[in-house]
2 protein chains.
Amino acid sequence: MRQQLADGDRICGVRDVLDRIGDKWSLLTMARLIGGPQRYSDLRRTVEGVSQRMLTVTLRSLERDGLVTRTVTPTSPPRVDYELTPVGETPAVEVATLIGWAEAHRGYVAAARERFDREAGER
Amino acid sequence: MRQQLADGDRICGVRDVLDRIGDKWSLLTMARLIGGPQRYSDLRRTVEGVSQRMLTVTLRSLERDGLVTRTVTPTSPPRVDYELTPVGETPAVEVATLIGWAEAHRGYVAAARERFDREAGER
DNA sequence: CTGGATCCCGGATGATACTG
DNA sequence: CAGTATCATCCGGGATCCAG
């Protein structure tokens with residue numbers, strides 16, 4: 001299996017899917033859903049910095065694309081659980097790996113930035 | 001190694017790194033750089049739909065973060081090659097996998113969207 | 001060929017208030 | 001608890017022109 005992308009239309013047709021899983025909150029949200037269903041209120045707390053509105057919007061989009069399911073339990077107070085679909089699980093794990101990488105290389109990136117900015121400043 | 005994220009500050013500290021590799025053009029650009037250096041003009045053609053400005057901005061960011069290197073060959077006309085750093089290679093491969101997934105599940109997502117919108121319309 | 005600089009618009013996102 | 005509605009804002013990103 002080749003890793004490098006082929007030319008042309010493969011990409012343009014993929015843009016909309018990429019825009020979904022690649023947007024600001026979907027990455028973190030999907031990663032959070034690994035390991036089982038999560039309640040809305042749980043995600044609200046664990047997806048750092050997400051606003052109520054954006055969490056809702058993000059979950060709707062993921063649901064629309066068939067990557068998560070939404071289950072309402074009509075108790076009082078109501079309870080809603082979100083869960084990855086089988087198809088959604090693959091990119092979620094991928095994304096979690098990416099986040100793990102980001103965590104591990106935080107220092108490297110910070111140092112690289114500092115160096116870049118310093119050298120740019122000297123000029 | 002656990003896949004699910006831990007609580008709290010891991011995420012907020014990772015946001016800026018995620019915003020980089022997760023933004024609209026970095027994904028495609030990094031994936032394109034797998035397999036060896038690429039010229040600016042090559043990337044311009046192969047990263048579908050990217051504008052001159054955004055390609056430059058994206059490459060600068062990736063360079064600043066130490067994920068790609070920029071090599072100028074002062075010929076006439078000038079030639080500039082971009083290449084993944086060893087550290088940049090890991091997320092690039094990860095990202096390429098994600099793009100492959102997006103390509104493979106384009107149809108699934110499209111169908112899911114159609115169904116979602118149809119059911120929403122009925123109400 | 002590989003950019004840098006500027007202008008500018010629209011959509012993404014946050015804040016806030018309200019509801020079943 | 002789990003949203004929806006509205007308003008204000010901000011900045012991503014395209015278009016264009018210029019330059020080494």
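The figures here come from the full heavy-atom set of this structure, side chains too, leaving out hydrogens, waters and symmetry mates. Just so it is clear: chains get the letters A, B, ... in the order the sequence lines come, proteins before strands, and each one is counted from 1. Note that the coordinates shown come from a computational prediction; the quantities given were computed from them, not determined experimentally.
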Can you tabulate the close N/O pairs, meaning under 3.5 Å, that link protein atoms to atoms of nucleotides 10-19 of chain D?
from	atom 1	to	atom 2	distance (Å)
D:dG13	N7	B:Arg53	NH2	2.8
D:dG14	OP2	B:Ser51	OG	2.8
D:dG14	O6	B:Arg53	NE	3.3

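- Between B:Arg79 and B:Asp81 there is a salt bridge, with a side-chain nitrogen of the basic residue lying less than 4.0 Å from a carboxylate oxygen of the acidic one.
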- [ ] Begin with the C-alpha distance, continue with both residues' side-chain angles, and end with the deciding distance and a verdict on side chain to side chain contact (heavy atoms under 4.5 Å, CB included) for A:Glu63 and A:Thr69.
- [x] CA-CA 6 Å; A:Glu63 185 193 4; A:Thr69 57; over 6 Å; no

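- Rounding to whole angstrom units, CG of residue A:Leu59 and P of D:dG3 are separated by 8 Å.
- Between D:dT4 and A:Tyr40, no contact under 4.0 Å exists linking OP1 or OP2 to a side-chain N or O.
- Residues satisfying the side chain to side chain contact (heavy atoms under 4.5 Å, CB included) criterion with A:Arg20, sequence neighbours excluded, are A:Asp23, A:Ser26, A:Ser61, A:Leu62, A:Asp65, B:Arg113.
- Using a distance-only test at 3.5 Å, with no hydrogens or angles considered, no donor-acceptor pair links the side chain of B:Thr73 to the main chain of B:Thr75.
- Shown here for A:Ile99 and A:Leu27, the closest heavy-atom pair between the two residues is CD1-O, 4.0 Å.
- Side-chain contact check for B:Thr29 and B:Tyr82: no donor-acceptor pair (N or O, by modelled atom type) lies under 3.5 Å.
- B:Arg44 comes within 4.0 angstrom of nothing in the nucleic acid, heavy atoms only.
- With sequence neighbours left out, the side chain to side chain contact (heavy atoms under 4.5 Å, CB included) criterion links B:Glu89 to B:Leu84.
- Enclosure of atom CZ in A:Arg60 by more than 12 non-hydrogen atoms of other residues, nucleotides or ligands within 6.0 angstrom is indicated.
- In this structure, A:Trp25 CH2 and A:Glu48 CD are separated by 9.0 Å, a value rounded to the nearest 0.5 Å.
- Between A:Glu119 and A:Arg115 there is a salt bridge, since a side-chain N of the basic residue sits under 4.0 Å from a carboxylate O of the acidic one.
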Open item on the list: If you apply the rule side chain to side chain contact (heavy atoms under 4.5 Å, CB included), what do you find for B:Thr85 with A:Tyr108, and how did you get there?
Closed with: CA-CA 12 Å; B:Thr85 64; A:Tyr108 171 87; 4.0 Å; yes

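- The closest side-chain heavy-atom distance from B:Arg70 to B:Val80 is below 4.5 Å.
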Open item on the list: Pairs counted only when both distances fall under 3.5 Å, Watson-Crick or G-U: show me the 5' to 3' dot-bracket for DNA chain C, [ ] for pseudoknotted crossings and | for other-strand partners.
Closed with: ||||||||||||||||||||

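- Where DNA chain C meets chain A (any atom under 4.0 Å from a heavy atom), the bounding nucleotides read 5' to 3' are C:dT13 to C:dG20.
- Contacts with DNA chain D (heavy atom under 4.0 Å) in residues 63-78 of chain A: A:Arg70, A:Pro77, A:Pro78, listed by number.
- B:Arg64 has a carboxylate O that lies under 4.0 Å from a charged side-chain N of A:Asp117, or vice versa, which qualifies the two as a salt bridge.
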